[in-house]
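Below is one structure, written out as structure tokens; comments come after it.
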Amino acid sequence: MNQTNGMIRNLVAKRFMALSVVVLALTWNQSVAAHCDTVDGPVVRAARRALENGNINLVLIWVQKKDEAEIRNHFQKTLAVRKLNAQAKDLADMYFFETLVRLHRAGEGAGYAGLKPAGKIEPPIAAADKALESGKLESVVKLISERMHTGLERHFKETTLRKKYNPDDIAAGRAFASAYVEYTHYVERLYDAGETLAPGRVQKEAPGLAHSH
């Protein structure tokens, strides 16, 4: 019996971990939309490495194939100009960063309003990046699970509080109905998240760049 319970707990933990990572992408989708247009974001970091190493392949992964020729052209021009002097290097690099991020966001169907300063990365994305660097997902799971638990508990308590009302008190009944809808929709969104961003489906819906950040 103990062995069976242990297996069940391990299975639940693994499924919850997978769901947590998916919810990371969904729950904060709007708040982290600008992650890729910060100067310390993954796109600009890749651009810095590419320019220092002279390896354009490091940035081509961030744009769609149709934009590859434009990026190659800007890359070669940037390499040539940045050799002139320090000021030219800074200006050329920044122009390349701007071009790369603009095309990257256009490939996602997102607008572009210029590069944002460092330090604008939202906590969940920062945690996700650190997890990739360390190879350990526990901190992300903890962050997501705590946020989900807080949300579930808040909706649950609000609905429970309003559940017992006088049938003749229409206002109280409507307050319960509203809380109930919010509660069940919150649970439903968390549940559906496990399927919405399954890897195969993401690739099918957004070929070329299966991400949004």
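When reading the values below, keep in mind they use all heavy atoms of this one structure, side chains included, and skip hydrogens, waters and symmetry mates.
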Heavy-atom pair with the smallest gap, counting every atom of Leu115 and Phe97: CD1-CB, 3.7 Å

Side chain Ser178, main chain Arg174, donor-acceptor under 3.5 Å: no

Check: Thr159 side chain, Ala179 main-chain N or O, donor-acceptor pair, under 3.5 Å: yes

Value rounded to 0.5 Å, distance of NE2 in His104 from CD in Gln64: 10.0 Å

Connected via hydrophobic side-chain network under 4.5 Å: Leu91 and Met94: no

Set of residues satisfying side chain to side chain donor-acceptor pair (under 3.5 Å) with respect to Arg72, sequence neighbours excluded: Glu68

Hydrophobic cluster membership, Phe75 vs Leu58, 4.5 Å side-chain cutoff: no

Show me the donor-acceptor pairs within less than 3.5 Å that the side chains of residues 123-132 make with the rest of the protein, sequence neighbours left out.
from: Asp129; atom 1: OD2; to: His35; atom 2: NE2; distance (Å): 3.4

Intermediate values then yes/no, side chain to side chain contact (heavy atoms under 4.5 Å, CB included), Thr78 and Thr99: CA-CA 11 Å; Thr78 302; Thr99 301; over 6 Å; no

Distance, nearest 0.5 Å, that separates CE of Met148 from CG of Leu190: 6.0 Å

Rounded distance [0.5 Å steps], CD in Glu182 versus OG1 in Thr184: 8.5 Å

Residues, nucleotides or ligands: over 12 heavy atoms within 6.0 Å of Tyr180 OH: no

Atom NZ of Lys65: over 12 foreign heavy atoms under 6.0 Å: no

Distance (rounded to the nearest 0.5 Å) between Glu52 CD and Asp93 CG: 7.5 Å

Joint cluster assignment, Val181 & Ile170, ILVMFWY side-chain distance < 4.5 Å: no

Gap between atom OH of Tyr186 and atom CZ of Phe156 - 0.5 Å precision: 14.5 Å

Minimum side-chain heavy-atom gap Val59-Phe96 below 4.5 Å: yes

CZ/Arg45: more than 12 non-hydrogen atoms of other groups inside 6.0 Å: yes

Heavy-atom pair of closest approach, residues Ala172 and Tyr165: CB-CB, 3.8 Å

Partner set under side chain to side chain donor-acceptor pair (under 3.5 Å) for Lys77, not counting sequence neighbours: none

Hydrophobic cluster identity match, Ile56 and Trp62, side-chain contacts under 4.5 Å: yes

Residue among His155, Arg154, Arg162 satisfying side chain to side chain donor-acceptor pair (under 3.5 Å) with Glu158: Arg162

Hphob cluster co-occupancy, Leu152 + Ile144, side-chain heavy atoms under 4.5 angstrom: yes

Min side-chain heavy-atom separation Val44-Thr38 under 4.5 Å: no

